[in-house]
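Working notes, beginning with the structure itself.
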Amino acid sequence: MPELATGGELSEAQLKKVEEFIEEEEGRFNRYGGWLAALLTAVAVASSAFHLYAAYSIVRTDWLREIHVGIVLFLSYMLFPIAKRYRHRLMWWDVACAALAVVVIVYMVWSGDDFMDRTTNPTRLDMFFGIALMALVIEAVRRTTGWVMPIIIGGFLIYACVGPGLPAPWTHRGYDVSRLVGHMYMTLEGIFGTAVDVSATLIILFTIYGAFLDYSGAGRFFLDFSFALLGGKPTSAGRAVVLASFLLGGPSGSGVATTVTIGTVAYPMLKKSGYAKEAAGGLLAAGGLGAILSPPVLGAAAFIIAEYLNISYLEVIKMATIPTILYYFSLFLMVELDARKYGMSEAAFAVAESAWTLAKRYWYHFLSLVSIVIFMLWGFSPTLSVFWATVTAFAVSFFRRETAMVPSRVVKAMAAGTNGVLSVAATCAAAGIIVGVVTLTGLGLKFSSIVLAYAGGSLALTALYVALIVWIVGLAVPVTASYIICAVIAAPAMIQLGVPDFAAHMFIFYYALLSEVSPPTALSPFAAAAITGGDPYKTTMQAWKYTMPAFVVPFFFVLDPLGAGVLLKLPAGATWLQVSWVVFMCFVAIAALAAGLQGWALRKTTWLERSMLVAGGLLVIAPSDTFDVVGLAIAIGAIVLQVIRGRIAAPA
């Protein structure tokens, strides 16, 4: 694959920082050598092979979930150290915990159907293994994601035990340890609930698929193709980042990985174009965030949405399509405004070959990407669709010798597929404990009643409160955990006020994404700052500036029933005029807010014009035709003022 001549490379210190941020998202792996590395690679390859087999043939649901958790726990304890000072050293306690995890799962599978029949009256051995599994899951998620998730789980478990002593409306009957063990360990409602089911059937398969794309050179092709396609204009560097984020991020579903991959290539060009360090980092992080929104993969939470709503994953892809278009429209618009605001110059894209030449040579990399949707439309399940897409990626790689998935690459891809899912899978298992407490105690309905009481029954205030709650939760935990927690405790509040369930869940999913660009878990902006050398917190604020216009979109499909239908599902009985109006007003709101936040439209805005643009954009969001017209008029008024100022200034 030809290399782009970008004119700059990362220093050793920058590479080390970038590596640290990737590890923050994916976990700090131990690096081993010799027989131990070969053994763990073999386990990871066998795990991927097992999950691919389970996708193609029938495996009992409970066994699949249990074996999946067992593999994840075994590898998590073997690959993630208990503390930083023990890194790259396998300690006896790691082996003991990994072995205990295997024993716990073997005991479950070996016990047969009688195991789930005694959930309300577990034996002493059930109790021992149940408590052991809960402790192992909590420690695994601590090793892979940090201390916050275990602390939250501890709070939920305490709440489950002390229910009778709590003040109303938080009070409940209370549950002892045996009841918690029975619910969390011996049913499919706790640890082995929906989140683990999704992790075992979809998330790991998409991770394997992404690894096959990576090792076959598809990721590099998407990146080179984007930069070769766009060039010759002041906005070319920014546009190329946005396009590359979409093409590369769609298959990966990882914000940090997309940010880092694109940033190492694109930053020199952004710098030549005139971007400041923080602005360049903010754009890279915003582009990376789009990876979690972009079909066909989206982030791990998208798979869980399909399970919670009991709909096909294809429906989730459809629901994400227009919001994704609006998100990238927002980024393209901000890039255009940047070019005018900063007076950017043309950045030379020195590439060995043109986009057309690259496309003619490596066109087959698009096949597996498109095949996922084709297989789903053909009637295949999402699991089978990604299985056959992986097979397609493997097969088409042999179209050229340099991309062929020879045995060594297959082994690396299979191992990377399992290892890449460990932190997400551990989070899903740990989130199952939280979901188990919520379902056991009825916390979701209690929480919803409290939110509704504070909001006075107002849908707008309820949506605002839920957005703040999701954002606050997302400050501490990853996107997947943030979505799962808030989906079970906050979504019912909006649904009670008449918001369609799919709109409520997509709203929460959207705002869970803000955790990627919000300190202290703002991994994407911090990784981008490591590449650009900019200030991490200023880079985070720039990322917020780029993403904020798009984050008004969820209010459209929560506050307006027609908006929910148009943006997520085409509503029955809606005319094309109504559909066009809603989509047009979305574009107006995003454009007005983008110009207001940038302080630049046709030219630099005055404080009055900027206020009018922001006010106009916010009014368009409000669920009222009157507000739509008023907001549109105010935004147009700001543009008229700019035109008048330009004509007055022209003679001078």
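Basis for what follows: all heavy atoms, side chains included, without hydrogens, waters or symmetry-related copies.
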Search all heavy atoms of [X] against all heavy atoms of [Y] and return the closest pair with its distance.
X	Y	answer
Ile484	Ala195	CD1-CB, 3.7 Å
Thr259	Ala285	OG1-CA, 3.8 Å
Thr427	Ala481	CG2-CB, 3.5 Å
Tyr275	Gly238	OH-CA, 4.0 Å
Ala389	Ile372	CB-CG1, 3.4 Å
Ser76	Thr144	OG-CG2, 4.4 Å

- Item | Audit row: Ile262, Ser245, side-chain contact (heavy atoms from CB on, under 4.5 Å) steps and yes/no | CA-CA 7 Å; Ile262 295 173; Ser245 299; 3.5 Å; yes
Plane angle bin for [Y] and [X] - parallel if under 30°, tilted between 30 and 60°, otherwise perpendicular:
X	Y	answer
Trp363	Phe399	tilted
Phe380	Phe375	tilted
Phe507	Phe555	perpendicular

[X], [atom1]: over 12 other non-hydrogen atoms inside 6.0 angstrom:
X	atom1	answer
Lys545	NZ	yes
Tyr53	OH	no
Leu377	CG	yes

So do the side chains of [X] and [Y] get within less than 4.5 Å of each other, counting heavy atoms only?
X	Y	result
Ile590	Tyr327	no
Leu284	Leu270	yes
Pro554	Met506	no
Met334	Leu283	no
Ser216	His365	yes
Leu75	Leu40	yes
Phe509	Val470	no
Tyr308	Tyr483	yes

- Query: Going through the distances and angles, do Ser47 and Ile204 end up as a side-chain contact (heavy atoms from CB on, under 4.5 Å)?
  - Reply: CA-CA 10 Å; Ser47 167; Ile204 189 169; 4.2 Å; yes
- Before giving the answer on side-chain contact (heavy atoms from CB on, under 4.5 Å), spell out for Ile311 and Met319 the whole-Å C-alpha distance, their side-chain angles and the decisive distance to 0.1 Å. CA-CA 11 Å; Ile311 59 176; Met319 289 194 295; 3.7 Å; yes
When rounded to the nearest 0.5 angstrom, what is the spacing between [atom1] in [X] and [atom2] in [Y]?
X	Y	atom1	atom2	value
Ser368	Phe212	OG	CZ	11.0 Å
Ile325	Ser330	CD1	OG	13.5 Å
Met376	Lys318	CE	NZ	11.0 Å
Asp501	Ile305	CG	CD1	11.0 Å
Asn310	Thr194	CG	OG1	10.0 Å
Gln542	Thr547	CD	OG1	11.0 Å

- Item | Donor-acceptor under 3.5 Å (Tyr510 side chain, Pro323 main chain) | yes
- Task: List the steps, then state whether side-chain contact (heavy atoms from CB on, under 4.5 Å) holds for Thr532 with Glu278.
- Result: CA-CA 7 Å; Thr532 65; Glu278 287 78 14; over 6 Å; no
- Query: Centroid-to-centroid, Phe221 to Phe366, below 6.0 Å?
  - Reply: yes
- Does NZ or CZ of Arg400 come closer than 6.0 Å to the centre of the six-membered ring of Tyr362, within 45° of the ring's axis? yes
- Task: Give a yes-or-no answer on whether the side chains of Asp338 and Tyr546 include a donor-acceptor pair shorter than 3.5 Å.
- Result: yes
- Query: Cut-off 3.5 Å, side chains only: do Thr383 and Thr201 have a donor facing an acceptor?
  - Reply: no
- Query: Residues two or more places apart in sequence or in another chain: which of them pass side chain to side chain contact (heavy atoms under 4.5 Å, CB included) with Thr41?
  - Reply: Val45, Val411, Ala415
- Item | Trace of the side-chain hydrogen bond (donor to acceptor under 3.5 Å, both in side chains) decision for Ser397 with Thr403 | CA-CA 5 Å; Ser397 71; Thr403 64; 5.5 Å; no
